[in-house]
*Asks:* 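There's a structure below that I have some questions on.
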There are 2 protein chains.
Amino acid sequence: MSKKPGIAPSLSREAIIDIAFDLIDEHGYDAFSLRSLATHLGISAMGIYTYFDSKDDIISGVQEKMRTFYDNAPVPGERWDDTLRRTLRSIRKVGVEHSNIWRVDTYGWQKGTRVHTRRIYKIHKDQGMPLEIYKPLWSIIEAFLGGFIQKEISQMNTTFEPLDPDDPDYQWMLISQTAYTDESFRDGIELIISGVRRMAAPDPCEWRTPLS
Amino acid sequence: MSKKPGIAPSLSREAIIDIAFDLIDEHGYDAFSLRSLATHLGISAMGIYTYFDSKDDIISGVQEKMRTFYDNAPVPGERWDDTLRRTLRSIRKVGVEHSNIWRVDTYGWQKGTRVHTRRIYKIHKDQGMPLEIYKPLWSIIEAFLGGFIQKEISQMNTTFEPLDPDDPDYQWMLISQTAYTDESFRDGIELIISGVRRMAAPDPCEWRTPLS
DNA sequence: ACCTGAACACCGTTCAAGT
DNA sequence: ACCTGAACACCGTTCAAGT
């Protein structure tokens, strides 16, 4: 790659996304601006427009980067319910660990969403899961997963005023303040899985990713 | 109420929230600013600070107003699962109808959330639902509901590129584009309810709101 | 107490200009 | 092609002043 000073790019989309990712991850989206990003890149704010069309363009890249952390590849021989346990656990972990990036407005179907969706349905299709099972499973799983992560992040970021243990409602109030845990996440997934098994009965639900 | 011109307030918190609600509801949160709100109120932008501490203060009020539309009051004689069907259906309806307000960053526990939470647990407590049942029920229900509404709004606001019906994956791709419907919402709730019934077995689950 | 206008310290983006 | 600095049209909020 011949380098002509004053012409060759000093940066790349990837390098910029890496910095943007780290900035949002650490300091939150509210503190993120093109001007502060530019300072960290060592160029002027307007130089970013050489690589990106808009701020939203950068954000899309940042969210796409986060999705590459998902453990959502097919595993030969794995049964559908273990696939669910593995992928959902991974997505929750990534979302919570990078909560500042997760919470950036995810309304609207970005390109990256489509890629992830395709990966997931291909796995289950190859496992031999019937379409009639996948259909209700998909919507409840996606809703549960997205809602759980969002609420868990809220719970993490909230400092609750201490409850009075003598209050007759103490236990009930405590539940809503500590609702999102490893245990309740697993319970939710298991409830959905066993619900699907009951729906499919008497099918033994031995849908597995092919070994070859 | 004696009216001293130049001293008596020409507005109220409620009146301002009503206008803010309508503006966000119709034109979206991105188009909402204190200056545009002030124009619609007929005062200068800085006059708003007489009634509110900050923009966030107004937003809290707007979201609190939305929650008053929830049908979440106790109904004498109603069984717990019918309570769930009724309240969840109502919240989904309100959220989707006022999607621009729903989607304004709801991370963090506002005061209004606590009020709603208290209403719900009180109903189930009075119905005689055991704490061990309410605990897992609460987290899965909240996660599913919040996630479903969020995804349904995304789906509504997305224009999908047309799919090729001859694609062997056509049916599978279609599922992810049409996942959030009346039917899948009901299916999700019924799956959760029957999961809870199985958890509680052999309890007949006849928990009902007292008649008096 | 209620409301105003000017001002402050920011935004994302456009544009003409420089190398 | 890559990058800059000035400028535009906005923000939320502060502050001194007016009634």
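The structure presented is a predicted model; accordingly, all values stated were derived computationally and were not measured. The analysis underlying the following values was restricted to heavy atoms, covering all of them including side chains, and did not include hydrogens, waters or symmetry mates. So you know, we letter chains A, B, ... as the sequences are listed, proteins then strands, and number each from 1.
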*Asks:* Show me the pairs that pass side chain to side chain donor-acceptor pair (under 3.5 Å) and involve residues 159-170 of chain B, at least two apart or across chains.
*Replies:*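 Listed by first then second residue: A:Y121-B:D169, A:K122-B:D169, A:K125-B:D169.
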*Asks:* How close or far is atom C1' of C:dC2 from atom CD1 of B:I43, stated in whole angstroms?
*Replies:* 9 Å
*Asks:* Considering only heavy atoms, which members of residues 15-23 of chain B lie under 4.0 Å from some atom of DNA chain D?
*Replies:*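 Hits under 4.0 Å, by residue number: none.
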*Asks:* Which whole-number value in Å describes the distance from A:K55 NZ to D:dC11 P?
*Replies:*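 After rounding, the gap between these two atoms is 15 Å.
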*Asks:* Just how far, in rounded Å, is C1' of D:dG12 from CG of B:D57?
*Replies:* 14 Å
*Asks:* Listed by chain and number, what are the side-chain hydrogen bond (donor to acceptor under 3.5 Å, both in side chains) partners of A:K135, not counting sequence neighbours?
*Replies:*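 In terms of side-chain hydrogen bond (donor to acceptor under 3.5 Å, both in side chains), with neighbours along the sequence ignored, A:K135 is linked to no residue.
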*Asks:* Mind checking what makes side-chain hydrogen bond (donor to acceptor under 3.5 Å, both in side chains) contact with A:D187, not counting sequence neighbours?
*Replies:*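 Expected list: none.
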*Asks:* Return the CD to CD distance between B:Q150 and A:E142, rounded to the nearest 0.5 Å.
*Replies:*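 Separation between the atoms: 10.0 Å.
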*Asks:* Quick one: is C:dT4 close enough that its OP1 or OP2 comes under 4.0 Å of any side-chain N or O from B:S44?
*Replies:* yes
*Asks:* Test of understanding: with side-chain hydrogen bond (donor to acceptor under 3.5 Å, both in side chains), list the residues that count as partners of A:R85, not counting sequence neighbours.
*Replies:* A:D81, A:D82, A:E190
*Asks:* Contact list please: residues 34-42 of chain A against DNA chain C, heavy atoms, distance less than 4.0 Å, in numerical order.
*Replies:* A:L34, A:R35
*Asks:* Given atom CZ of B:R13 and atom C1' of C:dC2, what is their separation to the nearest angstrom?
*Replies:* 16 Å
*Asks:* Would you say the ring centroid of B:F148 lies under 6.0 angstrom from that of B:F185?
*Replies:*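 Yes, close enough.
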*Asks:* Who are the salt bridge (Lys or Arg N to Asp or Glu O under 4.0 Å) partners of B:R86, not counting sequence neighbours?
*Replies:* B:D71, B:E78
*Asks:* The criterion is side-chain contact (heavy atoms from CB on, under 4.5 Å); which residues satisfy it with A:S54, sequence neighbours excluded?
*Replies:*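 Expected list: A:D56, A:D57.
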*Asks:* Not counting sequence neighbours, which residues clear salt bridge (Lys or Arg N to Asp or Glu O under 4.0 Å) with B:K55? List them please.
*Replies:*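 By the salt bridge (Lys or Arg N to Asp or Glu O under 4.0 Å) rule, B:K55 matches no residue at all.
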*Asks:* Provide, to the nearest angstrom, the distance between the CG atom belonging to B:D30 and the P atom belonging to D:dC10.
*Replies:* 15 Å
*Asks:* How close or far is atom C1' of C:dG12 from atom OH of A:Y29, stated in whole angstroms?
*Replies:* 10 Å
*Asks:* Just N and O in the side chain of B:Y49: are any of them under 4.0 Å from OP1 or OP2 of C:dT4?
*Replies:* no
*Asks:* Is the distance from OP1 or OP2 of D:dC2 to the nearest side-chain N or O of A:S10 less than 4.0 Å?
*Replies:*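 Result: no.
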*Asks:* List the residues meeting side-chain contact (heavy atoms from CB on, under 4.5 Å) with B:S33, not counting sequence neighbours, and say none if there are none.
*Replies:*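 Only B:R35, B:S36 meet the side-chain contact (heavy atoms from CB on, under 4.5 Å) criterion with B:S33.
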*Asks:* With a cut-off of less than 4.0 Å, is there a side-chain N or O of A:Y51 near OP1 or OP2 of D:dC2?
*Replies:*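 Looking at the OP1 and OP2 atoms of D:dC2, neither is under 4.0 Å from any side-chain N or O of A:Y51.
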*Asks:* What's A:S33 touching, base or sugar-phosphate or nothing? Going by heavy atoms closer than 4.0 Å.
*Replies:*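 Sugar-phosphate, no base atom in range.
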*Asks:* Base, sugar-phosphate, or nothing for A:F52, non-hydrogen atoms under 4.0 angstrom?
*Replies:*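 No contact.
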*Asks:* Both distances under 3.5 Å, Watson-Crick or G-U wobble: on that basis, could you give the dot-bracket string for DNA chain C, with [ ] for crossing pairs and | for other-strand partners?
*Replies:* ||.|||||...|||||.||
*Asks:* Counting the benzene-type ring for Trp, do A:Y70 and A:H116 have ring centres under 6.0 Å apart?
*Replies:* yes
*Asks:* So, using side-chain contact (heavy atoms from CB on, under 4.5 Å) as the criterion, who are the partners of B:S44 when residues are at least two apart?
*Replies:*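 For B:S44 the side-chain contact (heavy atoms from CB on, under 4.5 Å) partners, ignoring immediate neighbours, are B:M46.
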*Asks:* Starting at CD1 of B:I48 and ending at C1' of C:dA1, how long is that distance when rounded to a whole Å?
*Replies:* 17 Å
*Asks:* Between D:dG5, C:dT4, D:dC3, which nucleotide gets closest to the side-chain atoms of A:T50?
*Replies:*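 Of the candidates, D:dC3 comes closest.
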*Asks:* Whole angstrom is fine here: how far is it from CE in A:M46 over to C1' in C:dA17?
*Replies:*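 Value for this atom pair: 15 Å.
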